[in-house]
Amino acid sequence: MSREYVLQPFRPAVRLQIDYARELNEQQLAAVTAPPGPALVIAGAGSGKTRTLIYRVAYLLEQGIPPDRILLLTFTNKAAKEMMRRVSDLLGQDLPELWGGTFHSVGNRILRRHAAALGYQPDFTILDREDAKHLINACIGEADIDVKATRFPKGDVLAEIFSMALNTGRTIEQVLQEEYDSFAELSAAIGDVAKRYAARKRETNSVDFDDLLALWLKLLQTDTEACERYQRRFQFILVDEYQDTNKLQGELIDLLAARHQNVMVVGDDAQSIYAWRGAHYENILKFPERYPRAAVFRIETNYRSTPEILEVANAAIRANVHQFAKHLTAARKSGQKPALVVCHDASEQAAFVAQHVLALREEGYRLDRMAVLYRSHFHALELQLELTRRNIPFTITSGIRFFEQAHIKDVAACLKLVLNPRDELSFKRIVQLLPGIGAKGADKLWRKFTELSRADTGPGALARGLQSCAGAVPRKAAVAWAQFAATIAQLEAEDVRNDASRMISLVLEAMYEDYLKENYPNYRSRVEDLEQLAVFARQFASPADFLTQLALLTSVDAEEEQAVTRDDEPLRLSTVHQAKGLEFDVVFVIMLCEGLFPSARSLETLEGEEEERRLFYVAITRARNELYLTYPLLRSIQGGSGESFQQPSRFLGEIPPELLEEWNLRSYR
């Protein structure tokens, strides 16, 4: 008879450098000092998520876990470097052996070691977006596809389609049907280009950004030895912003953690707002199902906002069915109630924001500590105009003001050319949108056009001049040139040329929407921008007035820029998506109308509506001291005349009235 006797490893008592109980609140401490095993940390907005992760890494190191046995995954290099630095500062030592970085940087590090197993050399090149686009375009050329006859998508669009398929675990055909239905009939040809692209990458020893994850996962799935090596190595895995992981990243984490199960994921399901770019919400929602032994920690003490703002945030997210219920509580003292400001129309909304921003500045708030947030960039059209009129400096998070974007300037060029057929710059900008015409070709066509149309100045002269140039147009562009000339003829008609809104709609419908579909992955949002630009243009008496205002909005005065001093930084305008992770003393959330926020398209599914509600929650939780929720009662109708009454966003109706202070505007007009 034998008896089993288990030898336990001897460990002397751990003497901790850090007083964790003093440095952390109760909820943070519970997560940081959690025993080994799977753990889900639901860290509410402003609750110290990063602090919790940093102290967890420090705690593991102080427990004797070797630094090279810990893997910390983040979404940005900046976040990774900051976390590593803060861990080093906490412990007073450098930690070069600690594995920390973005998913892609860690994937690159591993693939360099195992490239041969996947048919690559260790010195493979990583293609950036521009390189990938050029290689895909070369594959289109090799496939001998008549891109003009089939209106085939450009390399940028195909790169986005391939990326979406890879990161969401869908086939290219599924992505086309669900996201790019206008190209669904081309799925066989697009699939062929995808195969050629993959082969060309292998031939040239190149990978693109998505391959760093896809090949890493393939390595773990197909190479048993490599898989076991990294499963053994990474005894503890920590993941930041887990709610933003896509399907591929979720599979990577689960595979790496399969041996030790010591995986701690940190995030906030209420801030999962990136489904449109592939984030897989179920990764965080179903974590406890995939890890039945998982401990769930909730960190709900908010250090950012006043209690009044947090009560509104809690109410705003409550209606979501699919969530981990939580209730944010404030560490700060009481402040003023958030305001609900109902405006007559979009122009009055803009006037209110501009005036109140200046009033708050007089009270001592810096402009750069205030933000105006919205669902889509076109929601801020009137506001950009009002801020420019009042000489209030502002910046847009995307880095490009609405009126300076390429698609806005392309369509404006058509209007400019109709009003001024001698506008060489607008002529050349438009013709270079046509297939096979570059800068030299545009110059040649301009000289031909001026030569043939100089004597013709009557009604319809511009279209006739374009038609007379048809013989000088490259064969590849012949059909597009005929369409261009026909569109210009329609724009020159007397009942159209005096209506900027109708002109914009006609350009979009007759020629430009097809161009956007072929050239931009986000063509839907660009089409929506232009539809709203047409609505915006209706307030101007003539196309000339409209174009004058556009010129004023897009002309950045160098002297004005220099006048923006350190004490007077610009007001921030941003979509809510781009403001995630930021905080401001004062936040205005504008255009809270049904169909705008939430967007009409999102309301087609429960998942879409719930993501929009999370987006609203993110907007509210950006505010520290003051919050203003606004919407207009009237708004111009796209494709019609007059204005329509706006219904307030359903999200406003879900907030108990007693939590908000309603402001009644009185206008001296």
Would you mind checking if [Y] and [X] are paired as a salt bridge, meaning a charged N to carboxylate O distance below 4.0 Å?
X: Arg613; Y: Glu609; answer: yes
X: Lys49; Y: Asp240; answer: yes
X: Glu160; Y: Arg129; answer: yes
X: Lys326; Y: Asp269; answer: yes

* Between Gln243 and Glu241, a side-chain donor and acceptor under 3.5 Å -> yes
* To do: Answer yes if the side chains of Glu23 and Tyr55 hold a donor-acceptor pair under 3.5 Å, and no otherwise.
  =>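 Per modelled atom types, Glu23 and Tyr55 side chains form a pair under 3.5 Å.
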Euclidean distance, [Y] [atom2] relative to [X] [atom1], rounded to 0.5 Å:
X: Leu310; Y: Ile620; atom1: CG; atom2: CD1; answer: 10.0 Å
X: Leu215; Y: Leu111; atom1: CG; atom2: CG; answer: 6.0 Å
X: Leu61; Y: Phe236; atom1: CG; atom2: CZ; answer: 10.5 Å
X: Arg332; Y: Arg304; atom1: CZ; atom2: CZ; answer: 11.0 Å
X: Lys218; Y: Asp211; atom1: NZ; atom2: CG; answer: 10.0 Å
X: Ser272; Y: Tyr242; atom1: OG; atom2: OH; answer: 11.5 Å

Can you tell if the side chain of [X] reaches within under 4.5 Å of the side chain of [Y], non-hydrogen atoms only?
X: Glu518; Y: Val157; result: no
X: Arg69; Y: His260; result: no
X: Pro288; Y: Phe324; result: yes
X: Asp268; Y: Tyr617; result: yes
X: Tyr230; Y: Leu71; result: no
X: Tyr523; Y: Ser182; result: yes
X: Arg170; Y: Lys247; result: no
X: Leu238; Y: Val266; result: no

* **side-chain hydrogen bond (donor to acceptor under 3.5 Å, both in side chains) against Arg624, all qualifying residues, sequence neighbours excluded** =>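 Asp585.
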* Output all residues satisfying side-chain hydrogen bond (donor to acceptor under 3.5 Å, both in side chains) with His104, sequence neighbours left out; order by chain, then residue number. =>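 Counting only residues at least two positions away or on another chain, His104 forms no side-chain hydrogen bond (donor to acceptor under 3.5 Å, both in side chains).
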* To do: Kindly say whether the aromatic ring centers of Phe75 and Phe103 come within a distance under 6.0 Å.
  =>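 Aromatic pair counts; centres sit under 6.0 Å.
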Closest contact, heavy atoms only, [X] versus [Y]:
X: Thr33; Y: Arg56; answer: C-NH1, 3.9 Å
X: Ala331; Y: Thr301; answer: CB-CG2, 4.1 Å
X: Glu179; Y: Arg524; answer: O-NH1, 2.5 Å
X: Val263; Y: Ala257; answer: CB-CB, 3.8 Å
X: Ala117; Y: Leu219; answer: CB-CD1, 4.2 Å
X: Gln27; Y: Glu300; answer: OE1-N, 2.7 Å

For residues 132-142, please give each side-chain donor-acceptor pair under 3.5 Å, one per line with the distance, not counting sequence neighbours.
| residue | atom | partner | partner atom | Å |
| --- | --- | --- | --- | --- |
| Lys133 | NZ | Glu130 | OE2 | 3.1 |
| His134 | NE2 | Glu130 | OE2 | 3.3 |
| Asn137 | OD1 | Gly155 | N | 3.0 |
| Asn137 | ND2 | Lys133 | O | 3.4 |
| Glu142 | OE2 | Arg200 | NH1 | 2.1 |

* Please say whether the positively charged group of Arg51, taken as NZ for Lys or CZ for Arg, lies over the ring of Tyr303, i.e. under 6.0 angstrom from the six-membered ring centre and within 45 degrees of the axis. => no
* Asked: Yes or no on side chain to side chain contact (heavy atoms under 4.5 Å, CB included) for Gln231 and Leu255, after CA distance, side-chain angles and deciding distance?
  -> CA-CA 8 Å; Gln231 286 178 339; Leu255 191 50; 4.0 Å; yes
* Look at the aromatic rings of Phe287 and Tyr291 and report parallel, tilted or perpendicular, splitting at 30° and 60°. => parallel
Donor-acceptor contact present, side-chain [X] to main-chain [Y], <3.5 Å:
X: His377; Y: Thr575; result: no
X: Arg202; Y: Ala198; result: no
X: Ser88; Y: Met84; result: yes
X: Arg369; Y: Glu583; result: yes
X: Tyr59; Y: Ala34; result: no
X: Arg298; Y: Ile42; result: no
X: Glu611; Y: Ala275; result: yes
X: Asn314; Y: His327; result: no
X: Glu610; Y: Glu607; result: no
X: Asp68; Y: Glu97; result: no

* Does CD in Glu26 sit with more than 12 non-hydrogen atoms of other residues, nucleotides or ligands closer than 6.0 Å? ->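 Result for CD/Glu26: open.
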* Asked: CG of Asp94: more than 12 outside heavy atoms within 6.0 angstrom?
  ->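 At most 12 heavy atoms, drawn from other residues, nucleotides or ligands, come within 6.0 Å of this atom.
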* To do: Could you walk me through whether Arg112 and Asn108 pass side chain to side chain donor-acceptor pair (under 3.5 Å), step by step?
  => CA-CA 6 Å; Arg112 296 287 178 190; Asn108 173 62; 3.1 Å; yes
* Asked: Can you list the steps and then say if Asp223 with His114 is a side chain to side chain donor-acceptor pair (under 3.5 Å)?
  -> CA-CA 10 Å; Asp223 189 325; His114 301 275; 5.2 Å; no
* Apply side chain to side chain donor-acceptor pair (under 3.5 Å) to Tyr20 and Glu62, showing your working. => CA-CA 11 Å; Tyr20 292 91; Glu62 289 213 83; 2.8 Å; yes
